[in-house]
Amino acid sequence: MVSHIVGYPRMGPKRELKFALEAFWDGKSSAEELQKVGDNLKLSTWKQMVDAGIKFIPSNTFSYYDHVLDTTAMLGAIPPRYGWSGGDIGFDVYFSMARGNACIPAMELTKWFDTNYHYIVPELEPNSKFFYASRKAVQEYREAKAHGIDTVPVLLGPVSYLLLSKPVKGVDKSFSLLSLLDKILPVYKEIVDELMAAGVSWIQFDEPTLVMDLDSRQLNAFTHAYTELESSISGLTILLETYFADIPADAYKTITALKGVSAIGFDLVRGSKTLDLIRNGFPPEKYLFAGVVDGRNIWANDLEASLTTLKTLKGMVGEDKLVVSTSCSLLHTAFDLETEIKMNKELKSWLAFAAQKLLEVSSLEKALTNLKNEAFFSANAAAQASRKASSRVTNAAVQEAVSLLRGSDHRRATNVSDRLEAQQRKLKLPILPTTALGSFPQTLGLRKLRREYKINKISEEDYVKAIKEEINQVVKLQEELDLDVLVHGEPERNDMVEYFGEQLSGFAFSENGWIQSYGSRCVKPPIIYGDVSRPKAMTVFWSSLAESMTKRPMKGMLTGPITLLNWSFVRNDQPRFDTCYQIALAIKDEVEDLEKVGINIIQIDEPALREGLPIRKSEQAFYLEWAVHSFRITNCCVQDTTQIHTHMCYSNFNDIIHSIMDMDADVISIENSRSDEKLLSVFHEGVKYSAGIGPGVYDIHSPRIPSVEEIVECIKKMLAVLDCTILWVNPDCGLKTRKYSEVKPALSNMVAAVKIIRKQLIANKSELFSSLWKARTDC
Ligand code: GLN
Ligand code: ZN
């Protein structure tokens, strides 16, 4: 019996990697300095696993940006626009792909399955060439070996790599990404050869796409790939790792039949169907890596329950073939609970971060081999019991309010076209209204201000004065730029989820529970441990203050229930939808309070709608129904003249566009520029959209400043599929990660572009005539 960890967080206990990356990008430190931080983090992680008694320790799970991008580098699949012509792929090329540079935009960033981690999407075409270009996997293996630690190199498997890629723009629709399999397999073989020569005896291939709904052609690709790989390998044990959901029966059948694969890892936390499949038969010659410790959450494992599962598995596959593991990489959980000095003790006893999960894995493994640490197990059982019985968890009034929601639809009384007219009459916006999506740059000064306020270093009075001044500047700037609908810039918010979670009951916060979102960007998800309620108004003070500073409409900014849910660590003791409804009721109160003080436009951000979508199709409709219902609950009771906006970023929305429409927002701003305008294609395909819509006109995730011409072109593309009377113009997302030196020219170009188009529209107005348009030209 042994233990294994699928993968580990990269940022470090105090986000050391984030700070090192940002210093390097800002030209404040050298490549060597960055590398040194990386090397120290890798080594301390490996040592930590050794100390915890883990047998199979992963390597090559560290990354300077993203492991999918690392795989692209490994396979030499660098898009030609980055000008790489062979040789080592240095940080310059690597980070240009990830973040863009002054001349070239970045590659697309998209969500990693249903997590809040984002990967860089490989761009492939029929003529893509592959060759072994980055030796990172073997270097990391050697690095650990030099310290006496034998590791299991982890590679993203060839089939998942291809399935997670996208064809480059303009490639014939008939092109299948899997047709490239025979081109990348020789490179994989070369890598495996080199790893074996370095002394590797186990390799882990991550093939998480196996939990998706794949067709037989896709499943055959796995058979083909692993038969090919095996044919050239002897003396190497291949572990095929799957995670994030139950594995479908046909995929299970395919992989258990693979001769070249000697071990298979399963996520046994996110469903129970895989366990049933294993019960019905698992090949006796293979190792079973049982992922019983949750890599996606921060709750302490119920060790007795896991032990029972493991004992059943042991009975089925035998002691020497069972390996205790995590459900997926620990990348998606926080780093170390020990750094949480201020956390409430009782709550802390209910939790386990990555460092503690290592101990859970190894203690389960020991318990199975009759070396049970009784004290560890009984402390765990006591914590489980205290969580079940705690009065901090249950609020009867909230439970009652949620039970009353059932069976109702919660829709606004008037249809969206009529509402838009009523709103336009009141707001008198010009055609193609311009707006920003919430945050303005979060300067160092602002962060310091909030930090000092939090630790009582500055008084409430001084804090309010400083934030007020900041809002005033942001308002002035937008007026100067001539934006139509203003935002207050969110200077009082550290994070769009944390800000609300801190004011809601049922949420708790860690000090250092950071999770990588993309690149150096980390989020610190709140922990929802109990029933959620809103003790008092959360945003009314700042929003009404901002509103009083300008004659232009000021948007109230809220984070919606689906996002608060999906970007938090959610309780695992009640269904997700119940928690979501509880949050929706709290946000509803806030929306109504904003309306009462005269805020006519309220944006309820829901960037995480798609992220919560279950991986398996059969579960998606149910999720979308309760998620969208929760959104409608928040604003079903506002007046027709109150305009509800929502905002979503980075995703493929096309397949859920009908659910997005069913949210029934008046205006939606949506990510567009970094996904090759895929979003617009849905309207080409005839989806009739009648609410307001603002597909982002430029990518805020890159420091690049878009030109006026470029934005003009972008708006023209939108006008080709969307009526000008419903089109809004805005960036892709909030501006908090940018600098003022980028934001000012970018927004100024955006407004200039709109003015050019407006002139053209007005010249052609007879063609574009409609009642709403008339209302707008009247003003
Ligand atoms: N209103 C938020 C902001 O501008 C939206 C951020 C997001 O969608 N991720 O920062
Ligand atoms: Zn966004």
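Since this is a predicted model, take the numbers as computed values, not measurements. Counting starts at 1 for both ligands and their atoms, in listed order.
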Visitor: What atoms of ligand 1 come closer than 4.0 angstrom to any heavy atom of P607?
Guide: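 Taking each heavy atom of P607 in turn, ligand 1 has 8 (O) under 4.0 Å.
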
Visitor: Which bit of S439 gets closer than 4.0 Å to ligand 1, counting heavy atoms only: side chain, backbone, both or neither?
Guide: both

Visitor: Does any N or O atom in D605 lie less than 3.5 angstrom from one in ligand 1, N or O only?
Guide: yes

Visitor: For ligand 1, is there an N or O atom under 3.5 Å from any N or O atom of W567?
Guide: no

Visitor: Report, in ascending order of atom number, the atoms of ligand 1 lying under 4.0 Å from any heavy atom of G734.
Guide: 3 (C), 4 (O), 10 (O)

Visitor: Tell me the contacting part of C733 for ligand 1: side chain, backbone, both, or neither, using a 4.0 Å heavy-atom threshold, strictly below.
Guide: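 Within the 4.0 Å criterion, C733 contacts ligand 1 through side-chain atoms alone.
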
Visitor: Please step through ring pair (Phe, Tyr, Trp, His ring centres under 6.0 Å) for the pair F113 and H332, ending with a clear verdict.
Guide: CA-CA 12 Å; F113 296 85; H332 312 289; 9.4 Å; no

Visitor: How does M648 reach ligand 1, if at all, at less than 4.0 Å between non-hydrogen atoms: by side chain, backbone, both, or neither?
Guide: neither

Visitor: Closest non-hydrogen protein atom to atom 6 (C) of ligand 1, residue and atom name please, with distance?
Guide: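 Looking only at protein heavy atoms, the one closest to atom 6 (C) of ligand 1 is M496 SD, 3.4 Å.
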
Visitor: Checking side-chain polar atoms at under 3.5 Å, does R447 have a donor or acceptor matched by the opposite partner on Q442?
Guide: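 No, because no side-chain N or O of R447 sits under 3.5 Å from a partner of the opposite role on Q442.
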
Visitor: Angle at the Zn ion (ligand 2): provide the value between NE2 of H647 and SG of C649, rounding to 10 degrees.
Guide: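 H647 NE2 and C649 SG form an angle of 120° at the Zn ion (ligand 2).
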
Visitor: Closest heavy-atom contact between E490 and G438?
Guide: OE2-CA, 3.2 Å

Visitor: Which ligand 1 atoms does G438 reach within 4.0 Å, using its non-hydrogen atoms?
Guide: 1 (N), 4 (O)

Visitor: Give yes if a backbone or side-chain nitrogen or oxygen of M557 is under 3.5 Å from a nitrogen or oxygen of ligand 1, and no if not.
Guide: no

Visitor: For C649, counting its heavy atoms only, list the atoms of ligand 1 lying under 4.0 Å from any of them.
Guide: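 Those qualifying, in numeric order: 7 (C), 8 (O), 9 (N).
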
Visitor: Angle between ring planes, F507 versus F509, binned at 30° and 60°: parallel, tilted or perpendicular?
Guide: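 Rings of F507 and F509: parallel, as their planes differ by under 30°.
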
Visitor: Minimum heavy-atom separation for G519 to M11, with atom names?
Guide: O-CE, 3.3 Å

Visitor: Would you call the rings of F24 and F95 parallel, tilted or perpendicular, where under 30° means parallel and over 60° means perpendicular?
Guide: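 F24 vs F95 ring planes: tilted.
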
Visitor: Starting from the C-alpha separation in whole Å, work towards a yes-or-no answer on ring pair (Phe, Tyr, Trp, His ring centres under 6.0 Å) for Y689 and H658.
Guide: CA-CA 10 Å; Y689 199 77; H658 293 284; 9.9 Å; no

Visitor: Donor-acceptor pair, distance only, cut-off 3.5 Å: does the side chain of R493 make one with the backbone of S439?
Guide: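 Not at all, since once roles are kept as given, no pair shorter than 3.5 Å links the two residues.
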
Visitor: Which atoms of ligand 1 sit under 4.0 Å from any heavy atom of K736?
Guide: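 Every atom of ligand 1 under 4.0 Å from some heavy atom of K736: 10 (O).
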
Visitor: Under a 4.0 Å threshold between the charged nitrogen and the carboxylate oxygen, would D482 count as salt-bridged to K755?
Guide: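 Between D482 and K755 there is a salt bridge, with a charged N closer than 4.0 Å to a carboxylate O.
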
